[in-house]
Amino acid sequence: MTDLDPVKDLLRSLNPPQREAVTAQEKAILVFAGAGSGKTRVLTYRIAFLLLSGKVAPEEILAVTFTNKAAGEMNERVCALLGPQGQRVWISTFHSACLRILRSHIHHLGLPGDFVIYDGDDQQRLMEGLLKSAGVGLHAYPPKTILKEIERAKNRGIGPDEYHPEDFNPYQKKAAEFYPLYQEALRAAKALDFGDLLYFAHLLFQRVPQVRDYYQRRLRHILVDEYQDTNSIQHLIIKDLLGPDASLCIVGDDDQSIYRWRGAEPTNILSFERDFPMTKVIKLEQNYRSTQIILQGANAVVCRNRWRKEKSLWTANEPGDSLTLFWAEDEEEEARWVAGRIAEEGRGKYRRCAVFYRINAQSRALEEALMRWGIPYTLVGGVRFYQRKEIKDLVAYLRVMVNPDDEVSLKRILNVPPRGIGPKTVEKLHTLAHQKGCSLYQALQEASAREDLPQAVRKKGREVASLLERLRAQARDLPLNELASHIIEGTNYMEYLMAQGPEGQTRMENVKEFLGMLRGSGIEALKEFLDQVALLTDIDEYEDGVNRVSLMTLHSAKGLEFQVVFMVGLEEGLLPYYLRLDDPEEMEEERRLCYVGMTRAQERLCLSCATRRSLFGGQQRRVPSRFLRDIPKEIINQEGRRAPLVPSSWVWEEGLLSEDTHYEYD
DNA sequence: AATCGTAGTGTTTTT
DNA sequence: CACTACGATT
């Protein structure tokens, strides 16, 4: 029987701390939510609770999630609880939220609202151009490294004029030099990079108080998920948005912080109470997801971290089966074992199963084995769909339709497919643009009228310019898929791909798939599409509900759960990854990564490692991961061959196991 | 300007 | 192994 009071009805299914988190009235609420403790539920119920109280309107709530997919799911769940008014709650990622804010207010900063978003690839091309024209060697100063420094600065809210690192290393020196130039180039291209989306949002709030006040007045409740993975600038943005009377509820788990390398500051959550003195702290420690044994194993791994908030996750679930460990000869045997095990465990219900690995390169052996067993699978991530050359080419065309000033995109397509506009011609166009102080696109328009340019250049220029202009006119109101078809026809793109042999075949498939994904018509729909594409993540593309095994990296696995989980490659150097062994803090993050993977499992957790593995070209002898060693052996059931016990005298070839890492199985 | 071949290099995780 | 950069050739 359901209660007539919807609020009571809502709260009945929650445990006491969950209920407390949902109903708390404090201005600052910090929820430590262990893995599988129902935090998404708490967040959605809290939103529902606020709305049902009748004192809060949907527009007054902002919920920030980590991925677009999570945002979409939360939106669905809120709507399921409340009906259509749930649609009006603002649920979004940091990046999407900032994008929306900037689209309507960035003009206050003297930037146009119809900017495009540059991804890492675009950033690199842009930086490459700057370095080249400044005569800086790309080998001595890789664009990537410089960009990393700049991004680091942006993530901490440091602008181009304030960037003066104290312990200048050569890269930082170059970064300091090029940061302003880079920003200028972005501005000229009417583009913002990922970092800018956050940095400019913060800048906007700082410089233009009336915009900040508008949001502060409007937003009475802000909720943030995965707070352990926020960086400084995101923390600042939350503070900007939070008005004096608004309440902030953050949810997170320091044990699941796995994005420190990307600038996330777990201190944001750990020192939250210091930032907001009257914070109400709630701990969700009951796990509803996993068996006791899975939890015990995961805890054994993570509790060895020194830098963590003490907590005790427990479950009322069954003890469950032992963890399974398989010691393979090499990665192929490992993959065969996984496939065989899935055929058995999955019993045709493949969607129950997932395989996690540290790096994408590991997926290959698994794919081959699964294919051989006839087991359907989906690969999350890897070479991202929108990162593929052919797709990026088409996206570049579409971008130029919207924003001809986008120089990186224009340069990308100027000679794709090849139409005789090589580096020399581009150079000439560039000088022309420089002389006239106009954009490359305008220079292209004018090229045909210039007597001082060679015949060939004028002709080619005229052809491309008129093609692009024609398409641009069509972009105004044509359905997007038709527009894209016109691009393909107008450029003979398919013929170009066809000439690339068998590889071109798959590319053509991709292009066709891309065409199928285009919806709507007109320039506004196009803009919206481009925004979406820019902020898409691997996991956003992941479609659950299909009956397939899921293959993904441990990072992508965050936030998901599966009945049966396989974690492969539990070896020193792979997990923990060899590049992160020296720094103890990074080492702890590897440990958390392992913990995140393990806690995704509901019923069964199968672990594996190999004694030999060919990776990066060569074959390497491998030693089992120290994380395996931390799991009490009473809960491990070794399958197949008995594990080769690892004598402490084994020192890994590359010296990754130092002598003080006493390494012994008994 | 385009294309093909070779040599050399460096391999994470992603908004 | 896969990718790129660069150089020689068409």
Side-chain angles (χ1 to χ4, degrees), chain A residues 64-71 92-99 117-121 123-124 128 137-139 142 144 148 151 154-155 192-199 226 229-231 233-234 257-264 356-365 380-384 386-387 389 414-427 454 456-457 460 496 499-501 503 531-541 552-558 569 573-581 586 589-590 592-594 596-597 613-620:
Chain A
V64 182
T65 60
F66 196 66
T67 63
N68 295 300
K69 183 164 181 276
S92 143
T93 64
F94 270 105
H95 289 267
S96 305
C98 288
L99 175 61
I117 302 165
Y118 272 8
D119 68 8
D121 205 58
Q123 287 175 270
Q124 267 184 58
E128 223 174 273
L138 298 182
H139 289 293
K144 248 195 206 155
K148 216 162 117 194
E151 191 177 315
K154 282 182 186 170
N155 279 340
L192 266 62
D193 68 17
F194 285 133
D196 285 338
L197 290 177
L198 304 178
Y199 173 68
E226 309 276 16
D229 286 325
T230 56
N231 59 32
I233 192 92
Q234 290 168 332
S257 150
I258 55 174
Y259 284 100
R260 227 182 52 107
W261 55 273
R262 205 173 76 188
F356 303 152
Y357 36 80
R358 177 66 237 261
I359 61 174
N360 278 310
Q362 286 173 265
S363 72
R364 180 122 61 121
V380 178
V383 196
R384 297 236 265 303
Y386 286 101
Q387 300 275 69
K389 276 193 198 72
L414 219 38
N415 200 28
V416 174
R419 47 172 84 91
I421 305 181
K424 275 267 154 54
T425 311
V426 175
E427 185 58 42
V457 177
K460 305 261 156 79
Y496 163 63
Q500 297 174 9
E503 210 181 335
D531 279 354
Q532 252 178 37
V533 167
L535 297 181
L536 220 51
T537 67
D538 281 340
I539 204 71
D540 294 333
E541 292 179 56
M552 67 187 86
T553 62
L554 287 163
H555 283 90
S556 297
K558 190 167 83 155
L574 203 50
L575 184 69
Y577 200 65
Y578 74 106
L579 290 172
R580 312 182 97 206
L581 288 170
E586 297 199 326
E589 185 150 305
E590 291 292 296
R592 290 192 293 267
L593 198 50
C594 185
V596 166
R613 181 179 297 273
S614 37
L615 207 60
F616 310 146
Q619 267 224 346
Q620 296 166 336

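Since the structure is predicted, the reported quantities are computational estimates derived from the model, not experimental observations. Order of the sequence lines fixes the chain letters, A, B, ..., with proteins taken first and strands second; residue numbering starts at 1 for each chain.
Taking the side-chain contact (heavy atoms from CB on, under 4.5 Å) definition, one finds that A:Val426 meets it with A:Lys411, A:Leu414, A:Ile421, A:His430, sequence neighbours left out. Taking A:Ser96 as the reference, A:Asn68, A:Ser92, A:Thr93, A:Leu535 meet the side-chain contact (heavy atoms from CB on, under 4.5 Å) condition, with sequence neighbours excluded. Residues forming a side-chain contact (heavy atoms from CB on, under 4.5 Å) with A:Asp531 (at least two apart in sequence, or on another chain): A:Leu99, A:Arg103, A:Ile117. Not a single salt bridge (charged side-chain N to carboxylate O under 4.0 Å, His left out) links A:Glu151 to another residue, sequence neighbours left out. Qualifying side-chain contact (heavy atoms from CB on, under 4.5 Å) partners for A:Lys148, counting only residues two or more places apart in sequence or in other chains: none. For the ring pair (Phe, Tyr, Trp, His ring centres under 6.0 Å) test, no residue two or more places apart in sequence or in another chain qualifies with A:Tyr577. Scanning for salt bridge (charged side-chain N to carboxylate O under 4.0 Å, His left out) contacts around A:Arg613 gives A:Glu334, A:Glu571, with sequence neighbours left out. A:His555 pairs by the ring pair (Phe, Tyr, Trp, His ring centres under 6.0 Å) definition with A:Tyr259, A:Trp261, not counting sequence neighbours. With sequence neighbours left out, the salt bridge (charged side-chain N to carboxylate O under 4.0 Å, His left out) criterion links A:Lys69 to A:Glu73, A:Asp544.
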Please write out the pairs of protein N or O atoms and N or O atoms of nucleotides 2-9 of chain B separated by less than 3.5 Å, giving the distance to one decimal.
unit_1, atom_1, unit_2, atom_2, d
B:dA2, OP1, A:Gly420, N, 2.7
B:dA2, OP2, A:Asn415, ND2, 2.9

Can you name the atoms? Protein N/O to nucleotides 13-15 of chain B N/O, anything below 3.5 Å, with the distance.
unit_1, atom_1, unit_2, atom_2, d
B:dT13, OP1, A:Asn360, N, 2.9
B:dT13, OP1, A:Asn360, ND2, 2.9
B:dT13, O4', A:Arg358, NH2, 3.4
B:dT13, O2, A:Trp261, NE1, 3.1
B:dT13, O2, A:Arg358, NH2, 3.0
B:dT13, O2, A:His555, NE2, 3.4
B:dT14, OP1, A:Asp538, OD2, 3.4
B:dT14, OP1, A:Thr553, OG1, 3.4
B:dT14, OP1, A:Ser556, OG, 3.3
B:dT15, OP1, A:Thr537, OG1, 3.2
B:dT15, OP2, A:Arg384, NH2, 3.3
B:dT15, O4', A:Arg262, NH1, 3.3

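Across all strands shown, A:Arg260 has no heavy atoms under 4.0 Å from either base or sugar-phosphate atoms.
Here the range on DNA chain C touched by chain A, meaning any atom under 4.0 Å from one of its heavy atoms, is C:dC1 to C:dA2.
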